[in-house]
Trainee: 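My questions will all concern the structure given below.
FYI, side chains are in, hydrogens and waters are out, and symmetry mates aren't considered; it's all heavy atoms of this structure.
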2 protein chains.
Amino acid sequence: MANIYDVAKAAGVSPATVSRVLNGARVTPDREARVRAACAELGFKPNRVARGLRRQSSDVLGLIIADIENPFFTALARGVEDVARTAALSVVLCNADDDPEKEAAYLDVALAEHMAGVIISPASMTETDVTQLIGKGIPVVAIDHSPESAQVDTVASDDERGAYAATSHLIDEGYRRIACITGPRESWAAVQRLRGFLRAHRESDPPRRRPAVKYADFRVRGGYRAMAELLDSANPPDAVMVTNNLMAAGALEAMYDRELRPPAIGVAAFGDAFWSHLVRPSLSSVHQPAYDIGRSAAELVLKRRGNPDLDPQTVVLPTRLEIRDSSRRPS
Amino acid sequence: MANIYDVAKAAGVSPATVSRVLNGARVTPDREARVRAACAELGFKPNRVARGLRRQSSDVLGLIIADIENPFFTALARGVEDVARTAALSVVLCNADDDPEKEAAYLDVALAEHMAGVIISPASMTETDVTQLIGKGIPVVAIDHSPESAQVDTVASDDERGAYAATSHLIDEGYRRIACITGPRESWAAVQRLRGFLRAHRESDPPRRRPAVKYADFRVRGGYRAMAELLDSANPPDAVMVTNNLMAAGALEAMYDRELRPPAIGVAAFGDAFWSHLVRPSLSSVHQPAYDIGRSAAELVLKRRGNPDLDPQTVVLPTRLEIRDSSRRPS
DNA sequence: AACCGATCTGAAATCGATTTCAGCAAATCA
DNA sequence: TGATTTGCTGAAATCGATTTCAGATCGGTT
């Protein structure tokens with residue numbers, strides 16, 4: 001493939017001039033025309049690696065997510081892409097799979113390739129290390145919660161309040177023994193949602209004590225197992241608040257296997273899923289603005305790219321309780 | 001950040017020797033130890049951009065997919081990742097969103113960054129141009145069908161046969177007016193699945209003619225609209241074969257909105273989805289080995305990386321009809 | 001002791017763009 | 001007209017690794 005020297009020769013100018021044409025610096029119209037003609041003729045496209053080496057930057061935005069199969073992250077990715085494209089950035093997705101080691105590998109790639117920015121949903125609040133990125137001036141935006149290694153821009157949804165609302169709703173519907181299936185203890189979101197769940201219990205009238213809590217892994221299988229254990233326990237719950245949509249699918253399956261379904265058992269879940277409409281009777285869910293979280297995160301990257309010394313800011317987007325099928329008929 | 005010259009100076013050797021240590025060439029143990037110590041001391045990590053420029057290659061594998069929200073592709077991505085990691089390659093996902101323009105942009109990135117390989121589910125059989133990649137010796141593997149621009153390694157599932165089996169099953173169950181909701185005409189998979197559907201009609205005894213066919217977009221909304229139109233038509237079908245899982249979700253929703261559900265209406269769909277268990281009574285589905293397709297594709301990339309002049313080969317993986325709830329009681 | 005071959009080393013070239021800097025020409029001003 | 005500014009231009013340095021190549025070192029043979 002043709003390089004900038006070939007083009008320069010073909011156009012009868014120096015490589016510097018070709019570079020200037022490519023980057024919009026001032027060049028006499030006559031030369032500019034010759035350069036453009038030569039570029040077209042030779043099918044020249046500037047080598048991004050060479051450019052990246054010299055410029056110490058690239059126009060690729062890294063998005064490191066915890067689980068590629070989780071619709072929350074795929075919707076988020078859409079939001080990131082839509083904003084990135086307005087700034088002519090390409091988005092590459094990296095699936096860290098909740099594994100700090102894989103995550104570290106991708107952070108290395110982002111660092112080494114001098115990506116234009118990194119949006120990351122940290123696998124671990126303590127282990128995720130973004131200091132090198134920051135040190136090199138690469139904008140980093142965290143989803144949910146800033147890693148401890150460095151304070152960075154963060155976009156989160158109002159998880160605690162969402163969980164509070166969902167749990168209160170179940171209480172209002174008359175359920176007595178409400179359990180919670182939440183994510184791993186290392187996950188900020190899992191912890192916040194559990195807090196909201198517990199607060200709803202404390203603040204109910206009369207206050208309720210010691211609801212059952214299961215920690216799972218935010219995956220379908222984990223949700224299934226947690227629900228199965230709850231249902232098969234000596235004192236099974238009559239309702240459950242599940243803190244993400246994949247686990248909700250698993251939990252529902254466990255219920256179905258036991259011929260249980262709403263409203264005999266109350267279910268509220270975090271997250272939207274296109275399949276949730278197919279579950280009838282339907283369940284209440286806490287809508288997470290995944291797409292908008294993605295948009296906001298990408299906007300923060302762009303903002304910080306312009307002026308790197310801004311103080312880190314946190315954007316919290318509201319969650320919204322969507323009530324469906326509240327026709328509980330207490331038995 | 002420290003570069004190779006800093007390390008060389010610290011270790012009292014030349015940069016060439018540092019490079020040799022990094023790449024496993026023979027170096028006296030004494031020097032090697034000094035170099036390793038200096039690397040650790042300075043926290044040195046080789047700059048991948050510089051390496052990429054010199055080597056004209058990188059250790060990133062590009063995966064360009066049509067729709068990030070489609071579980072088929074996310075499962076496929078898992079397969080790719082698992083194989084890639086055995087070869088120490090990082091996988092980056094690019095969401096082309098069925099848009100030839102976005103796709104072209106990502107192909108440009110792959111080309112410019114000299115990726116170790118590209119796995120692509122072509123947005124269009126005619127427009128997708130991979131000749132430049134091929135020309136530069138970058139292994140390209142297509143999902144479903146090779147683009148017309150160049151004959152490349154291809155991994156597909158046996159779509160035609162799967163669709164035939166699913167449709168025949170509906171016929172055997174006694175449904176009379178079976179419609180098909182398939183994807184865009186530009187999609188090879190959509191066309192193959194439609195062919196299987198039509199063949200099942202031709203080869204049934206007695207042969208059936210002119211079944212209703214709707215072309216949609218492989219998305220939930222498209223499936224919903226197509227099904228709504230079918231159901232609201234003068235002569236609605238009593239069964240439907242839907243060629244992907246997202247459209248199946250939409251189609252089911254349209255049915256539910258009209259208080260219709262299996263087995264009053266027969267449904268067979270392509271693809272697996274974790275939520276399909278939640279749809280009860282359940283539907284028959286054609287299992288696509290998405291994960292294995294990803295694995296095979298990645299293996300082909302690795303194979304071709306070793307010896308670039310192999311003839312392009314095509315791997316076809318079997319689909320499997322999963323029959324659920326065949327308790328049709330003809331009315 | 002002289003020679004040969006094998007092994008290792010570092011100086012320098014290389015990948016392909018960007019950017020600095022000095023030089024030159026044209027335009028502006030006194 | 002001469003001095004000064006302005007605007008373009010191209011040669012060369014630069015980014016940071018890899019790799020070629022010529023030379024140094026060492027052990028083993030005759």
Trainee: How many whole angstroms separate atom NE2 of A/H114 from atom C1' of D/dG16?
Mentor: 11 Å
Trainee: Can you check the B/R48 CZ to D/dA17 C1' distance for me, whole Å?
Mentor: 13 Å
Trainee: Kindly state which residues belonging to residues 34-47 of chain A come within less than 4.0 angstrom of DNA chain C, counting heavy atoms of the residue only, listed by number.
Mentor: A/F44, A/K45, A/P46, A/N47
Trainee: Return yes if a side-chain donor-acceptor contact under 3.5 Å exists between A/T131 and A/D129, otherwise no.
Mentor: yes
Trainee: Check whether any side-chain N or O of B/R304 sits under 3.5 Å from a backbone N or O of B/L310 as a donor-acceptor pair, and report yes or no.
Mentor: yes
Trainee: For B/A8 versus B/P15, what's the shortest heavy-atom pair and its separation?
Mentor: CB-N, 3.5 Å
Trainee: Checking B/D67 now: which residues fulfil salt bridge (charged side-chain N to carboxylate O under 4.0 Å, His left out) with it, not counting sequence neighbours?
Mentor: A/R78, B/R219
Trainee: Could you state the CG-P distance from B/N23 to D/dG16, rounded to the nearest angstrom?
Mentor: 18 Å
Trainee: Heavy atoms only: give me the nearest A/I134-A/A150 pair and the separation to one decimal.
Mentor: CG1-CB, 4.3 Å
Trainee: Take a 6.0 Å sphere around CD of B/Q313 and say whether it holds more than 12 heavy atoms from other residues, nucleotides or ligands.
Mentor: yes
Trainee: In this structure, how many angstroms lie between the C1' atom of C/dT19 and the CD atom of A/Q56, rounded?
Mentor: 13 Å
Trainee: Rounded to whole angstrom units, what separation is found between the CG atom of B/L111 and the C1' atom of C/dG16?
Mentor: 14 Å
Trainee: Kindly state which residues belonging to residues 2-12 of chain A come within less than 4.0 angstrom of DNA chain D, counting heavy atoms of the residue only, listed by number.
Mentor: none
Trainee: Could A/R85 and A/E81 be called an ion pair, given the rule that one side-chain N must be under 4.0 Å from one carboxylate O?
Mentor: no
Trainee: Give a yes-or-no answer on whether the side chains of A/N95 and A/Y106 include a donor-acceptor pair shorter than 3.5 Å.
Mentor: no
Trainee: Hey, are B/D108 and A/R48 close enough for a salt bridge, meaning a charged N less than 4.0 Å from a carboxylate O?
Mentor: no
Trainee: Output the single nucleotide from D/dG16, C/dT19, C/dA17 whose closest atom is nearest the side chain of A/A16.
Mentor: C/dT19
Trainee: Can you confirm whether more than 12 heavy atoms, excluding those of B/K136, are under 6.0 Å from its NZ atom?
Mentor: yes
Trainee: Flag the pair A/E32 and A/R36 as a salt bridge only when some basic side-chain nitrogen lies within less than 4.0 angstrom of an acidic carboxylate oxygen.
Mentor: yes
Trainee: Note down the inter-axis angle between the two ends of the helix from C/dA1-D/dT30 to C/dA30-D/dT1, five pairs each, to the nearest 10°.
Mentor: 50°
Trainee: Per the atom types in the model, does the base of D/dT14 pair as donor or acceptor with the side chain of A/R54 at under 3.5 Å?
Mentor: yes
Trainee: From A/L302 CG over to A/T86 OG1, what is the distance, rounded to the nearest 0.5 angstrom?
Mentor: 6.0 Å
Trainee: Polar atoms only, N or O, under 3.5 Å: list the protein pairs with nucleotides 6-9 of chain C and their distances.
Mentor:
| from | atom 1 | to | atom 2 | distance (Å) |
| --- | --- | --- | --- | --- |
| C/dC8 | OP1 | B/R26 | NE | 3.1 |
| C/dC8 | OP1 | B/R26 | NH2 | 3.3 |
| C/dC8 | OP2 | B/R26 | NE | 2.8 |
| C/dT9 | OP1 | B/T28 | OG1 | 2.6 |
| C/dT9 | OP1 | B/R31 | NE | 2.5 |
| C/dT9 | O3' | B/R31 | NH1 | 3.3 |

Trainee: Can you name the residues that form a ring-ring contact (aromatic ring centres under 6.0 Å, His included) with A/H145, not counting sequence neighbours?
Mentor: A/W188
